[in-house]
Number of protein chains: 2
Amino acid sequence: MEAKEILKVHVAKLASLSDDEFDYFFSFFKKQSFKKGQVLISEGDTVDCEYFVISGCLKSFFINDDLKMFILQFAMPTWWASDYNALYNHTRATISVDCITDVEVLCLSNADREKLCNEIHNAEHFFRWRTNKGYVAANKRLLSLMNNNVKRRYEELLKLYPELYNMVPKSLIAAYLGVSRETLSRLYQA
Amino acid sequence: MEAKEILKVHVAKLASLSDDEFDYFFSFFKKQSFKKGQVLISEGDTVDCEYFVISGCLKSFFINDDLKMFILQFAMPTWWASDYNALYNHTRATISVDCITDVEVLCLSNADREKLCNEIHNAEHFFRWRTNKGYVAANKRLLSLMNNNVKRRYEELLKLYPELYNMVPKSLIAAYLGVSRETLSRLYQA
DNA sequence: CCTGAAATGTGATATAGGTCACATAAATTA
DNA sequence: TAATTTATGTGACCTATATCACATTTCAGG
(Lines give C-alpha, C1' and ligand atoms only; values in the text may rest on other atoms or scores of the structure.)
Protein backbone atom coordinates (compact mmCIF):
# COMPACT_ATOMS: atom_id res chain seq x y z
CA MET A 1 0.00 0.00 0.00
CA GLU A 2 1.36 3.36 -0.89
CA ALA A 3 1.63 6.36 1.41
CA LYS A 4 -1.51 8.12 0.22
CA GLU A 5 -3.62 5.04 0.74
CA ILE A 6 -2.17 4.42 4.21
CA LEU A 7 -3.02 7.95 5.27
CA LYS A 8 -6.47 7.70 3.71
CA VAL A 9 -7.35 4.55 5.62
CA HIS A 10 -6.00 6.11 8.80
CA VAL A 11 -8.01 9.31 8.42
CA ALA A 12 -11.15 7.43 7.50
CA LYS A 13 -11.14 5.75 10.91
CA LEU A 14 -11.82 9.07 12.60
CA ALA A 15 -13.43 11.35 10.01
CA SER A 16 -15.30 11.16 6.74
CA LEU A 17 -13.66 13.21 4.03
CA SER A 18 -14.91 13.03 0.46
CA ASP A 19 -12.40 11.83 -2.14
CA ASP A 20 -11.90 15.40 -3.32
CA GLU A 21 -11.44 16.65 0.19
CA PHE A 22 -8.93 13.92 0.90
CA ASP A 23 -6.97 14.68 -2.27
CA TYR A 24 -6.73 18.28 -1.14
CA PHE A 25 -5.87 17.19 2.39
CA PHE A 26 -3.15 14.92 1.08
CA SER A 27 -1.66 17.62 -1.12
CA PHE A 28 -0.23 19.33 1.96
CA PHE A 29 1.83 16.34 3.01
CA LYS A 30 5.42 15.96 1.81
CA LYS A 31 6.86 12.50 1.52
CA GLN A 32 10.33 12.13 3.01
CA SER A 33 12.71 9.23 3.50
CA PHE A 34 15.36 8.94 6.19
CA LYS A 35 18.06 6.45 7.03
CA LYS A 36 18.42 4.71 10.38
CA GLY A 37 19.99 7.14 12.82
CA GLN A 38 19.01 10.33 10.99
CA VAL A 39 17.63 13.12 13.12
CA LEU A 40 14.33 14.80 12.26
CA ILE A 41 14.09 17.14 15.22
CA SER A 42 16.94 17.96 17.52
CA GLU A 43 16.90 19.79 20.85
CA GLY A 44 17.00 23.53 20.32
CA ASP A 45 15.54 23.45 16.81
CA THR A 46 12.55 25.46 15.82
CA VAL A 47 9.87 22.93 15.00
CA ASP A 48 7.39 23.43 12.20
CA CYS A 49 6.41 19.93 11.14
CA GLU A 50 4.80 16.84 12.45
CA TYR A 51 5.46 13.45 10.90
CA PHE A 52 3.09 10.64 9.98
CA VAL A 53 4.99 7.37 9.78
CA ILE A 54 4.47 5.24 6.67
CA SER A 55 7.15 2.63 7.31
CA GLY A 56 9.89 2.04 9.85
CA CYS A 57 10.06 3.38 13.38
CA LEU A 58 10.85 6.76 14.92
CA LYS A 59 11.46 7.62 18.52
CA SER A 60 10.78 10.89 20.28
CA PHE A 61 12.95 11.39 23.33
CA PHE A 62 14.33 13.71 25.94
CA ILE A 63 17.90 13.84 27.22
CA ASN A 64 18.36 15.16 30.76
CA ASP A 65 21.30 16.98 32.34
CA ASP A 66 23.00 13.68 33.20
CA LEU A 67 22.71 12.67 29.52
CA LYS A 68 20.18 10.04 30.41
CA MET A 69 17.62 9.41 27.67
CA PHE A 70 13.88 9.04 28.20
CA ILE A 71 11.70 7.91 25.34
CA LEU A 72 8.31 9.53 25.07
CA GLN A 73 7.10 7.53 22.13
CA PHE A 74 7.99 4.91 19.58
CA ALA A 75 6.27 5.96 16.36
CA MET A 76 5.36 2.99 14.17
CA PRO A 77 3.42 3.11 10.89
CA THR A 78 0.25 5.25 11.13
CA TRP A 79 1.55 6.98 14.27
CA TRP A 80 2.38 10.66 14.43
CA ALA A 81 5.44 12.21 15.99
CA SER A 82 6.86 15.63 16.72
CA ASP A 83 7.76 17.83 19.64
CA TYR A 84 4.18 18.96 20.07
CA ASN A 85 4.97 21.42 22.80
CA ALA A 86 7.42 23.23 20.54
CA LEU A 87 5.21 22.80 17.48
CA TYR A 88 2.07 24.20 19.10
CA ASN A 89 3.72 26.94 21.14
CA HIS A 90 6.36 28.01 18.63
CA THR A 91 9.15 27.41 21.08
CA ARG A 92 12.48 25.62 20.65
CA ALA A 93 12.51 21.83 20.76
CA THR A 94 13.22 20.14 24.08
CA ILE A 95 12.24 16.78 22.60
CA SER A 96 14.23 15.20 19.78
CA VAL A 97 12.98 12.82 17.10
CA ASP A 98 15.17 10.38 15.20
CA CYS A 99 15.04 7.16 13.20
CA ILE A 100 15.39 3.76 14.84
CA THR A 101 15.20 2.13 11.39
CA ASP A 102 15.06 3.44 7.84
CA VAL A 103 11.86 5.42 7.70
CA GLU A 104 9.34 6.90 5.29
CA VAL A 105 7.16 9.68 6.61
CA LEU A 106 4.60 12.18 5.43
CA CYS A 107 5.49 15.58 6.76
CA LEU A 108 2.84 18.19 7.56
CA SER A 109 3.67 21.71 8.63
CA ASN A 110 1.95 23.41 11.51
CA ALA A 111 0.71 26.17 9.22
CA ASP A 112 -0.71 23.69 6.72
CA ARG A 113 -2.47 21.71 9.41
CA GLU A 114 -4.15 24.86 10.67
CA LYS A 115 -5.06 25.85 7.13
CA LEU A 116 -6.61 22.44 6.56
CA CYS A 117 -8.48 22.61 9.84
CA ASN A 118 -9.86 26.00 8.89
CA GLU A 119 -10.91 25.08 5.40
CA ILE A 120 -12.24 21.58 5.99
CA HIS A 121 -14.39 21.09 9.04
CA ASN A 122 -13.88 17.33 8.84
CA ALA A 123 -10.12 17.77 8.89
CA GLU A 124 -10.44 19.60 12.17
CA HIS A 125 -12.66 16.77 13.37
CA PHE A 126 -9.97 14.29 12.45
CA PHE A 127 -7.22 16.15 14.28
CA ARG A 128 -9.40 16.65 17.32
CA TRP A 129 -10.00 12.94 17.61
CA ARG A 130 -6.42 12.06 16.90
CA THR A 131 -5.34 14.15 19.87
CA ASN A 132 -8.23 12.95 22.01
CA LYS A 133 -6.87 9.44 21.59
CA GLY A 134 -3.32 10.56 22.27
CA TYR A 135 -4.49 12.30 25.41
CA VAL A 136 -6.20 9.20 26.71
CA ALA A 137 -3.15 7.08 25.90
CA ALA A 138 -0.80 9.51 27.67
CA ASN A 139 -2.96 9.39 30.79
CA LYS A 140 -3.03 5.61 30.72
CA ARG A 141 0.74 5.59 30.57
CA LEU A 142 0.93 8.05 33.46
CA LEU A 143 -1.15 5.75 35.62
CA SER A 144 0.83 2.74 34.55
CA LEU A 145 4.06 4.49 35.48
CA MET A 146 2.72 5.34 38.92
CA ASN A 147 0.93 2.08 39.59
CA ASN A 148 2.84 -0.74 37.93
CA ASN A 149 6.32 -2.05 38.55
CA VAL A 150 8.82 -2.41 35.71
CA LYS A 151 7.87 -5.98 34.88
CA ARG A 152 4.26 -5.08 34.39
CA ARG A 153 5.06 -2.02 32.32
CA TYR A 154 7.34 -4.14 30.16
CA GLU A 155 4.65 -6.75 29.55
CA GLU A 156 2.15 -3.99 28.80
CA LEU A 157 4.50 -2.42 26.26
CA LEU A 158 5.17 -5.70 24.48
CA LYS A 159 1.47 -6.41 24.30
CA LEU A 160 0.90 -3.00 22.76
CA TYR A 161 3.78 -3.23 20.28
CA PRO A 162 5.04 -6.83 19.91
CA GLU A 163 7.16 -5.76 16.92
CA LEU A 164 9.38 -3.70 19.17
CA TYR A 165 10.93 -6.74 20.80
CA ASN A 166 12.98 -7.61 17.72
CA MET A 167 13.16 -4.16 16.23
CA VAL A 168 14.84 -2.02 18.86
CA PRO A 169 17.70 -2.50 21.34
CA LYS A 170 16.65 -3.30 24.88
CA SER A 171 18.35 -0.14 26.09
CA LEU A 172 15.73 1.87 24.22
CA ILE A 173 12.92 -0.18 25.67
CA ALA A 174 14.40 0.55 29.10
CA ALA A 175 14.47 4.25 28.24
CA TYR A 176 10.78 4.06 27.39
CA LEU A 177 9.90 2.22 30.60
CA GLY A 178 11.94 4.66 32.66
CA VAL A 179 14.39 2.13 34.11
CA SER A 180 18.05 1.30 33.63
CA ARG A 181 18.95 -1.24 30.95
CA GLU A 182 20.50 -3.42 33.65
CA THR A 183 17.25 -3.68 35.56
CA LEU A 184 15.36 -4.53 32.39
CA SER A 185 17.93 -7.18 31.51
CA ARG A 186 17.44 -8.82 34.90
CA LEU A 187 13.68 -9.03 34.46
CA TYR A 188 13.32 -11.65 31.80
CA GLN A 189 15.60 -14.29 33.23
CA ALA A 190 14.24 -14.61 36.75
CA MET B 1 -17.94 36.59 37.63
CA GLU B 2 -20.73 34.21 36.87
CA ALA B 3 -20.40 30.82 35.26
CA LYS B 4 -21.34 31.89 31.75
CA GLU B 5 -18.79 34.66 31.74
CA ILE B 6 -16.04 32.37 33.10
CA LEU B 7 -16.67 29.87 30.33
CA LYS B 8 -16.83 32.62 27.72
CA VAL B 9 -13.46 34.04 28.70
CA HIS B 10 -12.01 30.54 28.74
CA VAL B 11 -13.33 29.64 25.30
CA ALA B 12 -12.25 32.96 23.81
CA LYS B 13 -8.63 32.10 24.61
CA LEU B 14 -8.69 29.30 22.06
CA ALA B 15 -11.48 30.06 19.59
CA SER B 16 -13.53 32.98 18.34
CA LEU B 17 -17.23 32.37 18.68
CA SER B 18 -19.72 35.13 17.95
CA ASP B 19 -21.98 36.15 20.83
CA ASP B 20 -24.85 34.24 19.28
CA GLU B 21 -22.71 31.19 18.75
CA PHE B 22 -21.51 31.35 22.32
CA ASP B 23 -25.05 31.68 23.67
CA TYR B 24 -25.97 28.56 21.75
CA PHE B 25 -22.78 26.84 22.89
CA PHE B 26 -23.52 27.73 26.50
CA SER B 27 -27.10 26.48 26.30
CA PHE B 28 -25.84 22.90 26.32
CA PHE B 29 -24.08 23.26 29.67
CA LYS B 30 -25.91 22.43 32.87
CA LYS B 31 -24.84 24.14 36.05
CA GLN B 32 -24.45 21.83 39.02
CA SER B 33 -23.28 22.28 42.60
CA PHE B 34 -21.71 19.62 44.78
CA LYS B 35 -20.57 19.43 48.37
CA LYS B 36 -17.07 18.49 49.46
CA GLY B 37 -16.71 14.73 49.24
CA GLN B 38 -19.52 14.17 46.72
CA VAL B 39 -18.75 11.82 43.89
CA LEU B 40 -19.33 12.85 40.27
CA ILE B 41 -18.00 9.73 38.59
CA SER B 42 -17.35 6.47 40.33
CA GLU B 43 -15.51 3.41 39.07
CA GLY B 44 -17.81 1.17 37.06
CA ASP B 45 -20.24 3.95 36.09
CA THR B 46 -21.18 4.68 32.54
CA VAL B 47 -19.83 8.13 31.84
CA ASP B 48 -21.64 10.62 29.69
CA CYS B 49 -20.50 14.00 30.93
CA GLU B 50 -17.45 16.08 31.30
CA TYR B 51 -17.22 18.88 33.85
CA PHE B 52 -15.91 22.41 33.56
CA VAL B 53 -14.99 23.73 36.98
CA ILE B 54 -16.34 27.17 37.96
CA SER B 55 -15.30 27.18 41.61
CA GLY B 56 -13.70 24.77 44.04
CA CYS B 57 -11.54 21.80 43.22
CA LEU B 58 -12.17 18.30 41.86
CA LYS B 59 -9.82 15.40 41.67
CA SER B 60 -9.80 12.58 39.15
CA PHE B 61 -8.18 9.43 40.48
CA PHE B 62 -7.61 5.74 40.14
CA ILE B 63 -7.66 3.15 42.92
CA ASN B 64 -5.55 0.06 42.35
CA ASP B 65 -6.02 -3.49 43.62
CA ASP B 66 -4.18 -2.67 46.85
CA LEU B 67 -6.60 0.22 47.40
CA LYS B 68 -3.83 2.70 46.78
CA MET B 69 -5.02 5.93 45.18
CA PHE B 70 -3.31 7.74 42.31
CA ILE B 71 -4.46 11.19 41.33
CA LEU B 72 -4.49 11.97 37.64
CA GLN B 73 -5.56 15.55 37.97
CA PHE B 74 -6.61 18.28 40.32
CA ALA B 75 -9.25 20.28 38.49
CA MET B 76 -9.33 23.91 39.55
CA PRO B 77 -11.52 26.67 38.07
CA THR B 78 -11.47 26.68 34.24
CA TRP B 79 -10.15 23.13 34.13
CA TRP B 80 -12.08 20.21 32.71
CA ALA B 81 -12.42 16.79 34.25
CA SER B 82 -13.94 13.43 33.43
CA ASP B 83 -12.89 9.87 32.76
CA TYR B 84 -12.05 10.67 29.16
CA ASN B 85 -11.28 7.10 28.24
CA ALA B 86 -14.72 5.99 29.35
CA LEU B 87 -16.38 9.11 27.95
CA TYR B 88 -14.84 8.82 24.51
CA ASN B 89 -15.00 5.05 24.17
CA HIS B 90 -18.35 4.46 25.86
CA THR B 91 -16.85 2.08 28.36
CA ARG B 92 -17.27 1.88 32.13
CA ALA B 93 -15.32 4.27 34.30
CA THR B 94 -11.97 3.15 35.67
CA ILE B 95 -11.24 6.67 36.87
CA SER B 96 -13.34 8.34 39.55
CA VAL B 97 -13.99 12.03 40.03
CA ASP B 98 -14.99 13.65 43.32
CA CYS B 99 -14.99 16.96 45.16
CA ILE B 100 -12.07 18.07 47.30
CA THR B 101 -14.03 21.21 48.25
CA ASP B 102 -17.54 22.42 47.58
CA VAL B 103 -17.72 22.80 43.84
CA GLU B 104 -19.70 24.44 41.07
CA VAL B 105 -19.36 22.96 37.62
CA LEU B 106 -20.83 23.25 34.17
CA CYS B 107 -21.68 19.81 32.88
CA LEU B 108 -21.55 18.95 29.18
CA SER B 109 -22.65 15.62 27.80
CA ASN B 110 -20.63 13.70 25.26
CA ALA B 111 -23.51 13.81 22.80
CA ASP B 112 -23.94 17.55 23.19
CA ARG B 113 -20.24 18.20 22.71
CA GLU B 114 -20.28 16.24 19.47
CA LYS B 115 -23.41 18.05 18.35
CA LEU B 116 -21.74 21.39 19.06
CA CYS B 117 -18.60 20.33 17.24
CA ASN B 118 -20.66 19.32 14.24
CA GLU B 119 -22.77 22.42 14.10
CA ILE B 120 -20.18 25.05 14.97
CA HIS B 121 -16.81 24.69 13.32
CA ASN B 122 -15.27 27.02 15.89
CA ALA B 123 -16.52 24.85 18.71
CA GLU B 124 -14.64 21.94 17.22
CA HIS B 125 -11.62 24.21 16.95
CA PHE B 126 -11.93 25.03 20.62
CA PHE B 127 -12.14 21.43 21.72
CA ARG B 128 -9.25 20.43 19.48
CA TRP B 129 -7.01 23.01 21.09
CA ARG B 130 -8.20 22.22 24.56
CA THR B 131 -7.10 18.64 24.09
CA ASN B 132 -3.90 19.63 22.29
CA LYS B 133 -2.93 21.50 25.42
CA GLY B 134 -3.94 18.63 27.66
CA TYR B 135 -1.87 16.26 25.55
CA VAL B 136 1.22 18.43 25.84
CA ALA B 137 0.72 18.76 29.60
CA ALA B 138 0.29 15.01 30.03
CA ASN B 139 3.53 14.36 28.17
CA LYS B 140 5.36 16.91 30.28
CA ARG B 141 4.15 15.15 33.38
CA LEU B 142 5.26 11.78 31.98
CA LEU B 143 8.75 13.10 31.48
CA SER B 144 8.80 14.69 34.90
CA LEU B 145 7.74 11.40 36.46
CA MET B 146 10.53 9.54 34.69
CA ASN B 147 13.21 12.17 35.06
CA ASN B 148 12.70 13.98 38.35
CA ASN B 149 12.83 12.75 41.92
CA VAL B 150 9.98 13.37 44.34
CA LYS B 151 11.37 16.64 45.66
CA ARG B 152 11.57 18.14 42.20
CA ARG B 153 8.13 16.94 41.22
CA TYR B 154 6.75 18.43 44.42
CA GLU B 155 8.33 21.80 43.73
CA GLU B 156 7.09 21.69 40.16
CA LEU B 157 3.54 20.96 41.32
CA LEU B 158 3.51 23.79 43.84
CA LYS B 159 4.80 26.19 41.23
CA LEU B 160 2.02 25.13 38.89
CA TYR B 161 -0.75 25.27 41.50
CA PRO B 162 0.37 27.19 44.61
CA GLU B 163 -3.24 27.18 45.87
CA LEU B 164 -3.07 23.43 46.41
CA TYR B 165 -0.70 23.72 49.34
CA ASN B 166 -3.39 25.04 51.65
CA MET B 167 -6.37 23.55 49.91
CA VAL B 168 -5.78 19.83 49.93
CA PRO B 169 -4.36 17.31 52.42
CA LYS B 170 -0.76 16.32 51.84
CA SER B 171 -1.81 12.72 51.34
CA LEU B 172 -3.56 13.79 48.15
CA ILE B 173 -0.54 15.68 46.95
CA ALA B 174 1.47 12.52 47.56
CA ALA B 175 -1.07 10.55 45.53
CA TYR B 176 -0.60 12.99 42.67
CA LEU B 177 3.18 12.80 42.84
CA GLY B 178 3.06 9.02 42.99
CA VAL B 179 4.78 8.61 46.38
CA SER B 180 3.73 7.62 49.88
CA ARG B 181 2.52 10.37 52.19
CA GLU B 182 5.36 9.47 54.58
CA THR B 183 8.00 10.16 51.98
CA LEU B 184 6.37 13.46 51.08
CA SER B 185 6.21 14.43 54.76
CA ARG B 186 9.95 13.81 55.09
CA LEU B 187 10.79 16.05 52.16
CA TYR B 188 10.05 19.46 53.50
CA GLN B 189 11.92 19.22 56.78
CA ALA B 190 15.31 17.96 55.62
C1' DC C 1 35.35 -13.49 7.26
C1' DC C 2 37.68 -10.40 10.47
C1' DT C 3 37.50 -6.65 13.59
C1' DG C 4 35.90 -3.07 16.34
C1' DA C 5 31.75 -1.23 18.13
C1' DA C 6 27.43 -1.79 20.06
C1' DA C 7 24.35 -4.50 22.79
C1' DT C 8 23.56 -7.44 26.50
C1' DG C 9 24.29 -10.06 30.90
C1' DT C 10 25.66 -10.16 35.68
C1' DG C 11 27.91 -9.39 40.25
C1' DA C 12 28.57 -6.09 44.08
C1' DT C 13 27.07 -2.30 46.33
C1' DA C 14 24.41 2.06 47.23
C1' DT C 15 20.13 4.56 47.86
C1' DA C 16 15.50 6.45 47.24
C1' DG C 17 11.45 5.44 48.54
C1' DG C 18 8.01 1.98 50.55
C1' DT C 19 5.80 -0.10 54.55
C1' DC C 20 4.51 -0.64 59.25
C1' DA C 21 3.82 1.12 63.67
C1' DC C 22 2.79 4.50 66.60
C1' DA C 23 2.63 9.39 68.39
C1' DT C 24 0.76 13.87 67.91
C1' DA C 25 -1.96 17.53 66.04
C1' DA C 26 -5.79 19.45 63.63
C1' DA C 27 -10.35 19.60 62.24
C1' DT C 28 -15.20 17.92 62.35
C1' DT C 29 -19.26 16.89 64.54
C1' DA C 30 -22.25 15.48 68.27
C1' DT D 1 -16.52 21.73 74.38
C1' DA D 2 -15.74 16.97 74.38
C1' DA D 3 -15.34 13.19 71.47
C1' DT D 4 -14.06 11.26 67.35
C1' DT D 5 -12.08 11.19 63.11
C1' DT D 6 -8.70 12.68 59.93
C1' DA D 7 -4.23 14.45 58.88
C1' DT D 8 0.51 14.61 59.78
C1' DG D 9 5.22 13.48 61.64
C1' DT D 10 8.78 10.18 62.58
C1' DG D 11 11.49 5.96 63.74
C1' DA D 12 12.89 1.29 62.17
C1' DC D 13 13.32 -1.63 58.75
C1' DC D 14 12.66 -3.54 53.89
C1' DT D 15 12.88 -3.65 48.81
C1' DA D 16 13.13 -2.26 44.11
C1' DT D 17 15.95 -0.12 41.28
C1' DA D 18 20.25 2.59 40.26
C1' DT D 19 25.04 2.61 39.52
C1' DC D 20 29.55 0.90 38.49
C1' DA D 21 32.52 -2.49 36.72
C1' DC D 22 33.54 -5.91 33.76
C1' DA D 23 32.57 -10.13 30.85
C1' DT D 24 30.33 -11.91 26.88
C1' DT D 25 27.74 -11.84 22.78
C1' DT D 26 26.02 -9.93 18.50
C1' DC D 27 26.38 -7.27 14.52
C1' DA D 28 27.75 -4.08 10.79
C1' DG D 29 31.30 -2.48 7.70
C1' DG D 30 35.71 -2.95 5.47
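Each chain gets a letter, A, B and so on, in the order the sequences are listed, and its residues count up from 1. Values below: all heavy atoms of this structure, side chains included; hydrogens, waters and symmetry mates excluded.
Of all nucleotides listed (D:dT19, C:dG9, C:dG17), D:dT19 comes nearest to the side chain of A:E182. If you check C:dG18, C:dA7, D:dA18 against the side chain of B:T183, the one that comes closest is C:dG18. Each of C:dG18, D:dT8, C:dG9 was ranked by its minimum atom distance to the side chain of A:S185; first place goes to C:dG9. Here the nucleotide nearest the side chain of A:V179, chosen from D:dA18, C:dT19, C:dG11, is D:dA18. Comparing D:dT17, D:dT8, C:dT8 by their nearest atom to the side chain of A:S171 picks out C:dT8.
For the OP1/OP2 pair of C:dG9 and a distance below 4.0 Å, the side-chain nitrogens and oxygens of A:Y188 include at least one atom meeting the criterion. For the pair A:K68 and D:dT19, the criterion of a side-chain N or O lying under 4.0 Å from OP1 or OP2 is met.
The residue among A:P169 and B:N148 whose nearest nucleotide of DNA chain C lies closer to the 5′ end is A:P169.
Distance B:L177 CG to C:dG18 P: 10 Å, rounded to the nearest Å. One can place NZ of A:K170 at 12 Å from P of D:dT26, the figure rounded to the nearest angstrom. Rounded to an integer number of Å, the gap from A:D66 CG to D:dA18 C1' is 12 Å. We find that CZ of A:F70 is positioned 13 Å from C1' of D:dT17, with the value rounded to whole Å. Distance OH (A:Y154) to C1' (D:dA16): 18 Å, rounded to an integer number of Å. Protein atom CG of B:N149 is 12 Å distant from nucleotide atom P of C:dG18, rounded to whole Å. In this structure, A:L172 places its CG atom 8 Å from P of C:dA7, rounding to the nearest Å. Between the CG atom of B:L184 and the P atom of D:dA7 there is a distance of 14 Å, rounded to whole Å.
In this structure, A:K36 reaches neither bases nor backbone, as no heavy-atom distance under 4.0 Å exists between it and the strands shown. Among the atoms of the strands shown, only primed sugar atoms or phosphate atoms (P, OP1, OP2) are found under 4.0 Å from some heavy atom of A:G178.
Of the charged side-chain nitrogens involved, none lies within less than 4.0 Å of a carboxylate oxygen, so that A:D45 and A:R92 do not count as a salt-bridged pair.
Looking only at distances, a side-chain donor or acceptor of A:H121 sits under 3.5 Å from a matching main-chain atom of B:C117.
Under 3.5 Å, the side chain of B:R181 and the base of D:dG9 form at least one donor-acceptor pair of N or O atoms. You'll find a donor-acceptor pair under 3.5 Å spanning the side chain of A:R186 and the base of C:dG11, going by distance alone.
With a 4.5 Å cut-off on side-chain heavy atoms, B:L7 and B:F29 count as touching. A heavy-atom distance below 4.5 Å is not found between the side chains of A:F52 and A:L108.
Partner of B:M76 under the side-chain contact (heavy atoms from CB on, under 4.5 Å) criterion, out of B:V53, B:L164, B:I100: B:L164 alone.
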